[in-house]
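What follows is a short report on a single structure.
The structure displayed is predicted, hence computed values, not measured ones. Note that these values count all heavy atoms, side chains included, but never hydrogens, waters or copies made by symmetry. All residue numbers in this chain count up from 1 along the given sequence.
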Amino acid sequence: DLVQALLPYVPLRMLVRDAADESQARALLQRRRIDADPIQFVHDERAPYFVRDAAVFGLDGDGRPFIVDFKWTYYGWTSWCRRIFRGNSRRNEECGRVAGPGAGNLDQWLADRLGMPSFRSHLAAEGGGVEVNGQGVLIANTSLWQSRNPELSQAKIEAELLRLPGIRKVIWLPHGLAHDPLHRGTITGPYVGWGTGGHTDEFVRFADARTVLLASVDEAEARRHPVARLNRFRMRMNFDVLKASTDQNGQALRVVQVPLPNVMERPVVLASHADTSFSEQWTAASFPDRERRRNGETVQQVATSSYLNYVVANKVVLVPDYVPHGTPAARQAQVQQIFEAAFPGRRIQFVDAGHTNWFGGGAHCATLNQPLSKA
């Protein structure tokens, strides 16, 4: 669906592991009557599905593209292990050794392949947690950056962020979405989630240098669902911070609230074991011992759903489609009007990325925009 929506507007590169995967991709596109010939397939055995997270593009002062080389921690995996297996040094060590996909070198590999310079940062981060206005302001989720860099204070993290090319100001927001926990974890009561620990591309985005789109929950929805109630509390706190914030020139930000879709949830039975691949299986060991989860127990998994995991490209904005997943069409029509006002001159097109929401990702996570050189 992403390929079909983007092909008329931008040249596409598709990152795949090898020739066999390329053949599968071509066959899939052919079945959808999509011409794959214009697509450039790039092979790398470390190819992650959420390619946005593995690299971050920037433009230097002369308008030339470069890549920021952040440290890769597989979404704060070691921090998650330390929290889950607190007091169990053996399990903590075993869990912490799981390195995940070798995406840590993918950003430098991309820089080399594209002939771009790279800027190496001392900070650990993923692209989905880096939100900037292109004029010097970076919005940072406090809990996310501290989970990736637990050895650093917020002040030291900010000092490192201000070392990034072009960054002049950091706005700290206290909370990400409740249904975007770090890896697998409890949200509240029987509700659990699989997420990133608070990527900004799920709840706060710059539409332009002074316009910020922020996820919101109305009071009626908060009364209907405990996860929505948590999100309402969190996003109202973020709203207050943003309303009191300014851009790099001291001008007030314009904050536009974007409704969240209806909560997407499904029952999950905790299995006796999970295989070592990237699977949908959950086990009691995914949770801290103090929660007393048991294999065979049924919990309710909530997907990391949000209209703000959108993709901006030439002349088009691809927005997640949640009508097929139970969100009222009237609410989505309201969202469309918000996006049309925020991105004048661009077509607003909805794409169903619901399946990836179960794994804490979406359309934005699966794409990486390469800026055109202005030099």
### Query
Just by modelled atom types, is the Ala222 backbone N or O under 3.5 Å from a matching donor or acceptor in the Arg229 side chain?
yes
### Query
Does a donor on one side chain and an acceptor on the other come within less than 3.5 Å for Thr196 and Asp180?
yes
### Message
I want to check something: taking the side chain as every heavy atom from C-beta on, are Leu114 and Phe57 in contact at a cut-off of under 4.5 Å?
### Response
yes
### Distance-only donor-acceptor check, side chains Asn262 and Arg224, under 3.5 Å
no
## Note on the structure
In this structure, CE of Met235 is separated from CG of Leu230 (nearest 0.5 Å) by 10.5 Å
### Task
State, yes or no, whether a side-chain contact exists between Val256 and Ile338 at a heavy-atom distance under 4.5 Å.
yes
### Message
Check for me whether the distance between the ring centres of Tyr74 and His183 falls short of 6.0 Å.
### Response
yes
### Task
For atom OH of Tyr9, decide whether the heavy atoms of other residues, nucleotides or ligands shown that lie under 6.0 angstrom number more than 12.
yes
### Summary
Across all chains, not counting sequence neighbours, the salt bridge (Lys or Arg N to Asp or Glu O under 4.0 Å) partners of Asp35 are none
### Query
Is there a donor-acceptor pair under 3.5 Å between the side chain of Asp44 and the backbone N or O of Arg46?
yes
### Query
Do we see a donor-acceptor contact under 3.5 Å between the side chains of Asp208 and Thr211?
yes
#### Entry: Within-4.5 Å side-chain heavy-atom neighbours: Ser121 and Leu161
no
### Query
Rounded to the nearest 0.5 Å, how far does CH2 of Trp109 lie from CD1 of Ile67?
10.0 Å
### Message
Please verify the inter-ring angle class for Phe343 with Phe339; under 30° counts as parallel, over 60° as perpendicular, anything in between as tilted.
### Response
parallel
### Summary
Exactly one candidate in Arg346, Arg347, Gln349 meets side-chain contact (heavy atoms from CB on, under 4.5 Å) with Val317; the answer is Arg346
### Message
Tell me whether Val302 shares a hydrophobic cluster with Val268, the cluster being built from Ile, Leu, Val, Met, Phe, Trp, Tyr side chains joined at under 4.5 Å.
### Response
no
### Query
With under 30° as parallel and over 60° as perpendicular, where do the rings of Trp282 and Phe287 fit, or are they tilted in between?
parallel
#### Entry: Flag side-chain contact, heavy atom, 4.5 Å: Leu106 against Pro48
yes
#### Entry: Minimum heavy-atom distance between Ala363 and Leu2, given as atom pair plus value
CB-CD2, 3.9 Å
#### Entry: Any donor-acceptor pair under 3.5 Å from Asp352 side chain to Gly354 backbone
yes
### Phe70 vs Val130, side-chain contact (heavy atoms from CB on, under 4.5 Å): CA-CA, chis, key distance, verdict
CA-CA 11 Å; Phe70 286 110; Val130 180; 4.0 Å; yes
### Message
With heavy-atom distances below 4.5 Å as the criterion, would you say the side chains of Gln154 and Trp145 are in contact?
### Response
no
### Query
Is there any salt bridge (charged side-chain N to carboxylate O under 4.0 Å, His left out) pair reaching into residues 134-153, and which pairs are they, with sequence neighbours excluded?
Glu126-Arg148
#### Entry: Shortest non-hydrogen separation from Gly76 to Thr73 and the atoms involved
N-OG1, 3.0 Å
### Query
Is the side chain of Thr142 donor-acceptor paired with the backbone N or O of Leu173 at a distance under 3.5 Å, no angle test?
yes
### Message
Checking the side chain of Thr246 only, and the main-chain atoms of Leu253 only, is there a donor and an acceptor separated by less than 3.5 Å?
### Response
no
### Query
Taking 4.0 angstrom as the limit, do Asp247 and Lys169 come out as a salt bridge?
no
#### Entry: Minimal non-hydrogen separation, Met14 against Ile39, with atom names
CB-CG2, 4.0 Å
#### Entry: Asn238 side chain vs His175 backbone, donor-acceptor pair below 3.5 Å
yes
### Query
If you draw a 6.0 Å radius around CZ in Arg254, do more than 12 non-hydrogen atoms from other residues or ligands fall strictly inside?
no
### Query
Which heavy atom in Tyr191 sits nearest to a heavy atom in Pro226, and how many Å separate them?
CE1-CG, 3.4 Å
### Message
Tell me whether the count of non-hydrogen atoms from other residues, nucleotides or ligands lying under 6.0 Å of CG in Asp240 goes above 12.
### Response
yes
### Message
With side-chain contact (heavy atoms from CB on, under 4.5 Å) as the criterion, how do Val335 and Tyr310 come out once you've worked through the C-alpha distance, each side chain's angles and the decisive distance to 0.1 Å?
### Response
CA-CA 12 Å; Val335 169; Tyr310 58 84; over 6 Å; no
### Message
Side chains of Gln135 and Asn249: any donor to acceptor distance under 3.5 Å?
### Response
no
### Task
Would you mind reporting whether Asn231 and Val263 have side-chain heavy atoms less than 4.5 Å apart?
no
### Task
Kindly work out whether a path of hydrophobic side-chain contacts (I/L/V/M/F/W/Y, heavy atoms less than 4.5 Å apart) joins Leu110 to Leu59.
no
### Query
Do Glu219 and Arg223 meet the salt-bridge criterion of a basic N to acidic O distance under 4.0 Å?
yes
### Task
Check the pair Phe119, Asp60 against side-chain contact (heavy atoms from CB on, under 4.5 Å), reporting the backbone distance first and the verdict last.
CA-CA 10 Å; Phe119 178 89; Asp60 66 17; over 6 Å; no
### Query
Is a side-chain N or O of Gln301 found less than 3.5 angstrom from the main chain of Trp358, in a donor-acceptor match?
yes
### Task
Only one of Ile139, Val137, Ile167 passes side-chain contact (heavy atoms from CB on, under 4.5 Å) with Val132; say which it is.
Ile167
### Task
Start with the C-alpha gap between Ser118 and Gln108, add the side-chain angles, then the distance that decides, and say whether side-chain hydrogen bond (donor to acceptor under 3.5 Å, both in side chains) holds.
CA-CA 7 Å; Ser118 62; Gln108 188 58 54; 2.8 Å; yes
## Note on the structure
Between Asn141 and Pro174, the two heavy atoms sitting closest are OD1-O, 3.8 Å
### Query
Take atom CZ in Arg26; do more than 12 heavy atoms of anything else shown fall under 6.0 Å from it?
yes
### Task
Please step through side-chain hydrogen bond (donor to acceptor under 3.5 Å, both in side chains) for the pair Thr186 and Arg293, ending with a clear verdict.
CA-CA 10 Å; Thr186 296; Arg293 299 286 188 191; 3.0 Å; yes
### Message
Strictly distance-based, threshold 3.5 Å: is any side-chain N or O of Asp321 a donor or acceptor partner for the main-chain N or O of Val323?
### Response
yes
### Task
Taking Glu297 for its side chain and Arg294 for its backbone only, find out whether a donor-acceptor pair lies under 3.5 Å.
yes
## Note on the structure
Contacts of Arg113 meeting salt bridge (Lys or Arg N to Asp or Glu O under 4.0 Å) (sequence neighbours excluded), chain-then-number -> none
### Query
Considering only heavy atoms from C-beta outward, does the side chain of His199 approach that of Tyr75 to under 4.5 Å?
yes
### Task
Without swapping roles, check the side chain of Arg52 against the backbone of Gly127 for a donor-acceptor pair under 3.5 Å.
yes
### Message
In this structure, would Met264 and Val319 fall into the same cluster of hydrophobic residues linked by side-chain contacts under 4.5 Å?
### Response
yes
### Task
Show your reasoning for whether side-chain contact (heavy atoms from CB on, under 4.5 Å) applies to Thr356 and Cys365.
CA-CA 9 Å; Thr356 58; Cys365 310; over 6 Å; no
### Query
Below 4.5 Å, heavy atoms only, C-beta onward: do Val56 and Asp107 meet side chain to side chain?
no
### Stepwise side-chain hydrogen bond (donor to acceptor under 3.5 Å, both in side chains) check, Glu265 with Gln300
CA-CA 6 Å; Glu265 59 182 288; Gln300 286 294 120; 2.9 Å; yes
### Query
NE2 of His122 to NZ of Lys156: how many Å apart, nearest 0.5 Å?
12.5 Å
### Task
Mind listing the closest non-hydrogen atom pair of Pro65 and Ser373 along with its distance?
CD-CB, 3.6 Å
